[in-house]
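Notes to accompany the following structure.
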Amino acid sequence: MRESQKTKYFLSKWFYYDKNFDYLCDVERLNMKILYATLKELTEEQRSFLADKYRVDRSTPIPDKEMAERYNMTQLDYMNMRKRYERLFYRQLEKALDYYKGERA
């Protein structure tokens with residue numbers, strides 16, 4: 001899986017994991033641990049920014065155009081900030097995946 005695919009996969013499951021915690025299977029619980037271990041390494045601002053887009057009760061993330069309007073930014077500025085935070089997330093995600101690799105086997 002490519003960097004952006006892994007990032008979006010984990011971030012898009014954020015709301016689902018929170019809402020369905022009591023019903024998660026073992027693999028989902030492990031993925032939730034990985035997600036939260038990754039998020040813990042980000043700043044509050046970075047987590048909040050990503051949460052506004054991905055931790056939502058809908059099947060797809062909120063479009064960048066709509067998020068840019070919410071943040072009173074140009075769409076390009078919003079996209080650049082999102083991509084920067086997603087890259088930071090991914091770097092931490094790789095560490096978390098490595099840390100939990102024994103449990104993933």
Side-chain angles (χ1 to χ4, degrees):
M1 208 181 284
R2 291 185 7 230
E3 174 182 333
S4 64
Q5 289 174 315
K6 278 185 189 178
T7 297
K8 289 182 190 322
Y9 173 81
F10 277 90
L11 289 171
S12 68
K13 296 289 188 176
W14 193 349
F15 181 83
Y16 171 80
Y17 292 152
D18 287 350
K19 185 171 180 168
N20 297 290
F21 178 78
D22 293 331
Y23 308 103
L24 299 177
C25 68
D26 291 342
V27 171
E28 291 171 323
R29 283 184 185 269
L30 177 58
N31 282 343
M32 187 180 92
K33 285 198 305 191
I34 292 167
L35 171 65
Y36 274 93
T38 303
L39 291 168
K40 187 176 104 176
E41 299 303 318
L42 302 179
T43 67
E44 179 60 37
E45 176 188 335
Q46 294 162 344
R47 278 192 306 272
S48 179
F49 186 89
L50 292 172
D52 286 345
K53 180 165 180 79
Y54 291 103
R55 192 178 181 215
V56 293
D57 187 12
R58 51 188 284 171
S59 60
T60 59
I62 300 168
D64 285 347
K65 182 177 181 180
E66 185 178 329
M67 292 303 300
E69 290 171 3
R70 287 187 189 183
Y71 275 85
N72 199 26
M73 302 170 82
T74 67
Q75 187 172 351
L76 181 60
D77 287 342
Y78 175 83
M79 286 173 44
N80 287 335
M81 183 176 282
R82 176 185 53 78
K83 288 177 184 179
R84 184 170 58 247
Y85 289 170
E86 287 176 356
R87 280 191 301 273
L88 292 169
F89 177 89
Y90 179 75
R91 284 188 212 123
Q92 298 305 320
L93 176 62
E94 285 296 295
K95 292 176 186 177
L97 287 167
D98 188 53
Y99 180 81
Y100 287 104
K101 71 181 172 193
E103 293 184 45
R104 293 180 65 111

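Note that this is a predicted model, so its numbers are computed, not measured.
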- Would you give the length of the straight line joining atom CG of Asp64 to atom CG of Leu76, rounded to the nearest 0.5 angstrom? 10.5 Å
- Query: Linking I/L/V/M/F/W/Y whenever any side-chain heavy atoms sit under 4.5 Å apart, do Leu24 and Leu97 land together?
  - Reply: yes
- Look up atom CE in Met81 and atom CE in Met73, then write down how far apart they are to the nearest 0.5 Å. 4.0 Å
- Task: Check whether more than 12 heavy atoms from other residues, nucleotides or ligands sit under 6.0 Å from atom CG of Asp26, and answer yes or no.
- Result: no
- Query: Taking the side chain from Glu66 and the backbone from Pro63, do they hold a donor-acceptor pair closer than 3.5 Å?
  - Reply: no
- Show the numbers, then the answer: is there a side chain to side chain contact (heavy atoms under 4.5 Å, CB included) between Lys13 and Leu35? CA-CA 9 Å; Lys13 296 289 188 176; Leu35 171 65; 5.6 Å; no
- Message: Do Asn31 and Tyr100 pair up side chain to side chain, a donor and an acceptor below 3.5 Å, judged on atom types alone?
- Response: no
- Please report the closest heavy-atom contact between Val56 and Ile62, naming both atoms and the distance. CG1-CD1, 3.8 Å
- Backbone N/O of Glu3 and side chain of Thr7: donor-acceptor pair under 3.5 Å: yes
- Message: Could you go through Phe89 and Glu41, starting from their C-alpha distance and side-chain angles, then the distance that decides it, and tell me whether this counts as side chain to side chain contact (heavy atoms under 4.5 Å, CB included)?
- Response: CA-CA 8 Å; Phe89 177 89; Glu41 299 303 318; over 6 Å; no
- Message: Can you tell me how far apart NZ (Lys65) and CD (Glu69) are? Round to the nearest 0.5 Å.
- Response: 6.0 Å
- Taken to the nearest 0.5 Å, the spacing of Asp52 CG from Met67 CE works out to 4.5 Å
- Message: Is there a path of hydrophobic side-chain contacts, each under 4.5 Å between heavy atoms of I/L/V/M/F/W/Y residues, joining Met79 to Tyr71?
- Response: no
- Message: For the aromatic rings, using the six-membered ring if either is Trp, is the centroid distance between Tyr90 and Phe10 under 6.0 Å?
- Response: no
- Query: What orientation do Phe49 and Tyr85 show, parallel under 30°, tilted 30 to 60°, or perpendicular over 60°?
  - Reply: perpendicular
- Identify the two heavy atoms, one from Leu88 and one from Gln46, that lie closest to each other, and give their separation to 0.1 Å. CD1-NE2, 3.2 Å
- Straight-line distance of Tyr17 OH to Arg29 CZ, nearest 0.5 Å: 12.0 Å
- Item | For Arg55 against Phe15, the heavy-atom pair lying closest together | C-CB, 4.0 Å
- Note: Glu103-Lys33 ion pair, threshold 4.0 Å (strictly below): yes
- Could you go through the side chain to side chain contact (heavy atoms under 4.5 Å, CB included) check for Tyr23 and Glu28 one step at a time? CA-CA 9 Å; Tyr23 308 103; Glu28 291 171 323; over 6 Å; no
- Closest heavy-atom contact between Ser12 and Tyr54? N-CD2, 4.2 Å
- Message: Tell me the closest heavy-atom pair linking Ala96 and Thr38, and the distance in Å.
- Response: CB-OG1, 3.5 Å
- Message: Do the side chains of Lys8 and Glu86 get close enough for a salt bridge, i.e. N-O under 4.0 angstrom?
- Response: yes
- Counting only N and O atoms by type, is there a donor-acceptor contact under 3.5 Å from the side chain of Arg47 to the main-chain atoms of Leu39? yes
- Message: What verdict does the salt bridge (charged side-chain N to carboxylate O under 4.0 Å, His left out) test give for Asp98 and Lys95, after you've listed the backbone C-alpha separation in whole Å, the side-chain angles of each residue and the deciding distance to 0.1 Å?
- Response: CA-CA 5 Å; Asp98 188 53; Lys95 292 176 186 177; over 6 Å; no
